[in-house]
Amino acid sequence: MPPRKRPEAQLDLLVARADPGRSAAIAALTPAQRDDAIVGQLVAWFELVARDLPWRRRRDPYAVWLSEIMLQQTRVETVIPYFNRFLERFPDVEALAGAEIDEVLKMWSGLGYYRRARVLYATAREVTARYGGNFPGEAAALRELPGIGAYTAGAIASLAFDQREPLVDGNVARVFARLFGIDEEIRTTGAVKRLWEIAWRLVPEERPGRFNEALMELGATVCTPRDPQCGACPLEALCVARASGRVMELPRIDAKKKVPVVKMVAVVLRRGPLVLLARREEGGLFGGLWEPPMVEAASIDEARALLAAVGVGPAIELREAGNVKHVLSHKELRVAVVAGTIPGKTKAPAVLGAPYEKAAWLHPDDAEIGVSTLARKVLAAAGGT
DNA sequence: AAATCGGGGAG
DNA sequence: CTCCCAGATTT
């Protein structure tokens, strides 16, 4: 969805031009005046440039909640097609509550952080059973639902219920760090506390959701991490970082340590058009998803216990089908893929052991099951689908 | 406070 | 390659 064309002429009336006396201008305002100016400038700017996003077309609690869960640590552009497909298949909370978890996971496949799909399903059932299909409107009640933390509760309460509730996400944290010159490492407890206090102070009684959305929109489109467009910012004249030449230094974020490498072996067994897939236990990595069985192992020889478990004996010919690299946020998986063919009529193993709860011969795309991107890479490496 | 939990897009 | 995204939850 392309951003709406910016009406430059109107924007110029709002955006203060570069001004050497900016520091003095900020200092001349009382704190309350500065806050009022921030809210006013930001909302006026947002009214002009707001992107046309699918979840902005229906601000009902179900659509807001669904979009906010999907948007957790996930880019807008990535979410859009998932959101549209999801709403088409599950048009309301009752439809979602009446589905099977495996179909929900299927609709979530490729989006990542699959625990979100499970908490989504759990919340749909709870809202249907306990609240008669109506989401609670208070942030405190929303916060009790699975998968809804401080940010998401504030987002739903303000956007869908017009409650004066603040929110702080990655965008807001960056905007505040620059706007108010917060030097502290942005993820520390102290900084997070400050950010929420500022958000509480600023969020207006009048259309709080619009203000919250404007704040995030500014962080996403103007006050970006790499190449902030200060010349197009409605808050330029009010920004501490801009006035002190520290825009690129803020927010302060300490480097994250590099992720460990984990070597694995996956086995792709075919039986005619079907593939042996195993369902991972809920709770951990890729919980509830189906995949070709794999195990942490430094070599194929080290994975012989898994091969035995899936019924690969001396009579079954295996070939090395290649290697797959898959990077997660906290580890890097390097998977050696082996492939083979099993005679027809062979049953799937009843027990595979952790982390798998069961196994079956399935078609990865046709079955009503969730499949991770890693599993798709492994299947692709083995050839065909 | 640190670790866990996906995947991809931008520079 | 690095960074980080409309975070939540557990340890």
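Letters A, B, ... mirror the listed sequences (proteins, then strands); counts begin at 1.
For Arg334(A) (side chain) and Val261(A) (main-chain N/O), no donor-acceptor pair under 3.5 Å exists by modelled atom type.
Here Ser67(A) lies out of heavy-atom contact (under 4.0 Å) with every strand. Across all strands, Arg118(A) comes closer than 4.0 Å to no nucleic acid atom at all (heavy-atom distances). Contacts of Trp55(A) with the nucleic acid, taken as non-hydrogen atoms under 4.0 Å apart, include base atoms. Within the 4.0 angstrom heavy-atom criterion, no nucleotide atom of any strand lies near Ala255(A). Contacts of Ile253(A) with the nucleic acid, taken as non-hydrogen atoms under 4.0 Å apart, involve only primed sugar atoms and P, OP1 or OP2. Across all strands shown, Arg56(A) has heavy atoms under 4.0 Å from base atoms, whether or not it also approaches the sugar-phosphate.
The closest side-chain donor-acceptor pair between Tyr356(A) and Glu291(A) falls under 3.5 angstrom. No hydrogens or angles considered: a donor-acceptor pair under 3.5 Å links the side chains of Tyr121(A) and Arg125(A).
For Glu68(A) and Arg143(A), each mapped to the nucleotide of DNA chain C holding its nearest heavy atom, the one lying further toward the 5' end belongs to Glu68(A). Residues Gly219(A) and Pro146(A) both approach DNA chain C. Their nearest nucleotides, taken by heavy-atom distance, put Gly219(A) toward the 5′ side.
Nucleotide dA3(B) holds its P atom 12 Å from the NZ atom of Lys256(A), rounded to whole Å.
No option in Thr152(A), Ile69(A), Leu159(A) other than Leu159(A) meets the side-chain contact (heavy atoms from CB on, under 4.5 Å) test with Val64(A). Of the candidates Leu276(A), Ile369(A), Val371(A), Ile369(A) is the only one forming a side-chain contact (heavy atoms from CB on, under 4.5 Å) with Leu362(A).
Ring to ring, Phe135(A) and Trp65(A) are close: their centroids are under 6.0 angstrom apart.
Heavy-atom contacts from other residues, nucleotides or ligands closer than 6.0 Å to CD of Gln33(A) number more than 12.
Cation-pi contact between Arg116(A) and Tyr113(A): absent, since separation from the ring centre below 6.0 Å together with deviation from the ring axis within 45° is not met.
Taking atom P on both nucleotides, dA10(B) is separated from dA6(C) by 12 Å, rounded to a whole Å. One C1' atom belongs to dC4(C), the other to dG6(B), and the distance between them is 13 Å to the nearest Å.
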Determine, for nucleotides 4-11 of chain B in 5'-to-3' order, which nucleotides have protein heavy atoms under 4.0 Å from the base (write B), from only the sugar-phosphate (write S), or from neither (write -).
SBBBBBBS
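Partners of Glu320(A) according to the side chain to side chain contact (heavy atoms under 4.5 Å, CB included) rule, which considers only residues two or more places apart in sequence or in another chain, are Ile300(A).
A 4.0 Å heavy-atom criterion places the boundary nucleotides of DNA chain C facing chain A at dC1(C) to dT9(C), written 5' to 3'.
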